[in-house]
Amino acid sequence: MPSTLAVLLILGLGLSQRSSTQKQMLSKPAIWVRPSFMIPKGRPATIGCRGAGEAMEYQLHFEGGLSALERPKSRPVMNWVKFPIPAMTSHTAGQYRCSYRSGELWSELSDPLELVVTGLYDTPTLSVEPRSEVTSGENVTFRCQLETATSTFFLLKGGQSSRPQLRYGNLRAEFHLGPVTPAHRGTYRCFGSYNNHAWSFPSKPVKLLVKVPGDAGDTTFLPTEHTSSDYWDSYELTTETQSQKDHFLWNHTVQNLIRLGLAVLVLVALMGLLLEDWLHRRKSGKRAHWVSRRRCRRRLRAQRALET
């Protein structure tokens with residue numbers, strides 16, 4: 001029994017050390033923004049930060065400095081927090097990161113999140129050559145022009161989750177695409193900018209329609225994605241995919257279940273040992289009491305025999 005108890009104590013100590021080691025290796029949090037990484041001047045936005053389930057506090061960092069602190073509303077059910085931006089301006093546009101605390105330890109910073117404010121300058125003009133309706137395999141060129149001299153132009157495609165294309169120019173910039181395929185179908189807009197986080201108003205949308213040779217009907221010219229102008233107000237950028245979120249949550253849940261299961265096993269084993277020891281002591285006490293009574297009876301009989 002002593003050897004079994006020693007093994008259980010070692011197991012419990014190892015579990016404690018392993019839990020301590022895991023807490024010292026806090027995973028990187030995820031950061032995202034709604035409704036879009038491009039926010040019109042004066043419009044609100046919300047930055048979200050997700051950490052581990054035991055996160056107690058979150059920090060938001062803006063351009064390398066501490067910007068805000070938040071605590072989860074209902075730990076550990078809610079393992080993320082919101083950082084609201086009431087009205088977007090050139091002073092709130094820039095690079096954001098977040099971190100979280102568990103116990104006395106802070107996680108590393110999240111991946112950077114770039115927020116852009118739009119509607120600060122004139123409205124550029126976007127055109128496409130040779131025409132907006134082309135055949136698959138042709139080359140096209142988007143030209144973005146701004147009357148006010150600028151240094152940078154951005155071209156964005158509606159429904160696309162990748163970063164915008166960038167070109168440099170004083171008054172205009174050209175974006176060459178091709179040979180085009182049906183994947184290039186969609187609605188395009190351009191912006192002018194003096195820095196990466198302060199953009200002009202968006203240009204009017206230009207639809208690129210791509211026809212595939214051999215296809216029947218005119219429907220091949222139609223875009224294959226949502227092209228509403230409201231898209232630019234609902235565009236969402238996040239630094240992690242849904243599968244990464246699910247994988248993160250799954251790993252954290254499994255780790256917690258393993259730790260909880262090992263702790264329950266150790267507790268049950270210790271309770272079993274204590275019960276076994278109590279039963280052994282009780283049985284030994286009854287045996288000692290019975291032996292003691294037998295000895296007393298023998299002494300009384302011997303004493304009576306001497307008296308008679």
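The structure presented is a predicted model; accordingly, all values stated were derived computationally and were not measured.
- Taking the side chain as every heavy atom from C-beta outward, Leu177 and Tyr188 approach each other to under 4.5 Å.
- The closest side-chain heavy-atom distance from Glu114 to His197 is below 4.5 Å.
- Side-chain polar atoms of Glu63 and Gln95 form no donor-acceptor pair below 3.5 angstrom.
- Between the CG atom of Leu126 and the CZ atom of Arg172 there is a distance of 12.5 Å, given to the nearest 0.5 Å.
- Atom OG1 of Thr148 is separated from atom CG of Asn170 by 12.5 Å, given to the nearest 0.5 angstrom.
- The distance from the CZ atom of Arg34 to the CD1 atom of Ile47 is 12.5 Å, given to the nearest 0.5 Å.
- Using a 4.5 Å cut-off on side-chain heavy atoms (C-beta onward), Thr125 and Cys144 make no contact.
- The distance from the CG atom of Leu120 to the CE atom of Met88 is 9.5 Å, given to the nearest 0.5 Å.
- Residues Val81 and Leu105 share a hydrophobic cluster, clusters being chains of Ile/Leu/Val/Met/Phe/Trp/Tyr side chains in contact below 4.5 Å.
- Pro124 and Gly192 get closest at one heavy-atom pair: CG-N, 4.2 Å.
- Grouping the Ile, Leu, Val, Met, Phe, Trp and Tyr side chains by contacts below 4.5 angstrom, directly or via other members, places Tyr168 with Phe154.
- Between Ser27 and Tyr100, the closest side-chain pair of non-hydrogen atoms falls below 4.5 Å.
- In plain terms, the two heavy atoms of Ile39 and Leu115 that are nearest each other are CD1-CD1, 4.5 Å.
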Val134/His184 under side-chain contact (heavy atoms from CB on, under 4.5 Å): CA gap, chis, key distance, verdict = CA-CA 11 Å; Val134 295; His184 290 94; over 6 Å; no
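- In terms of heavy-atom proximity, Arg185 sits nearest to Val210 at NE-O, 3.0 Å.
- Here the side chains of Pro213 and Thr135 are in contact, with some heavy-atom distance below 4.5 Å.
- Leu26 and Ser107 get closest at one heavy-atom pair: CD1-N, 3.7 Å.
- For Arg143 (side chain) and Glu174 (main-chain N/O), no donor-acceptor pair under 3.5 Å exists by modelled atom type.
- Taking Ile, Leu, Val, Met, Phe, Trp and Tyr as members and joining any whose side-chain heavy atoms lie under 4.5 Å apart, directly or through other members, the hydrophobic cluster of Leu267 also contains Met271.
- Taking each heavy atom of Pro179 and Gly137 in turn, the nearest pair found is CB-O, 3.3 Å.
- The backbone N or O of Trp199 lies less than 3.5 Å from no partner atom in the side chain of Thr118, so there is not a single donor-acceptor pair.
- Thr187 places no side-chain N or O within donor-acceptor distance of the main-chain N or O of Pro205, the cut-off being under 3.5 Å.
- Taking CD1 from Ile31 and CH2 from Trp80, the interatomic distance works out to 13.0 Å, rounded to the nearest 0.5 Å.
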List the steps and the verdict of side-chain contact (heavy atoms from CB on, under 4.5 Å) for Leu155 and Arg167.
-> CA-CA 8 Å; Leu155 179 70; Arg167 295 290 186 273; over 6 Å; no
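- For the pairing with Tyr96, the ring-ring contact (aromatic ring centres under 6.0 Å, His included) check across Trp32, Phe62, Phe83, Phe37 returns one residue only, Phe62.
- Using a 4.5 Å cut-off on side-chain heavy atoms (C-beta onward), Glu57 and Leu69 make contact.
- By the 4.5 Å heavy-atom criterion applied to side chains, Leu60 and Glu70 are not counted as neighbours.
- Leu109 and Val33 sit in two unconnected hydrophobic clusters of ILVMFWY residues. Membership requires side-chain heavy atoms under 4.5 Å apart, directly or through other members.
- Connection of Leu166 to Val117 is established within a shared hydrophobic cluster, with ILVMFWY side chains joined at heavy-atom distances below 4.5 Å, either directly or through further cluster members.
- Distance check: Cys98 SG to Gln59 CD gives 10.0 Å after rounding to the nearest 0.5 Å.
- Between Tyr121 and Ala198, the shortest heavy-atom contact is CE1-O, 3.6 Å.
- Considering only heavy atoms from C-beta on, Leu146 stays 4.5 Å or farther from Phe201 through its side chain.
- Between the side chain of Arg97 and the backbone N or O of Ser110, at least one donor-acceptor pair lies under 3.5 Å.
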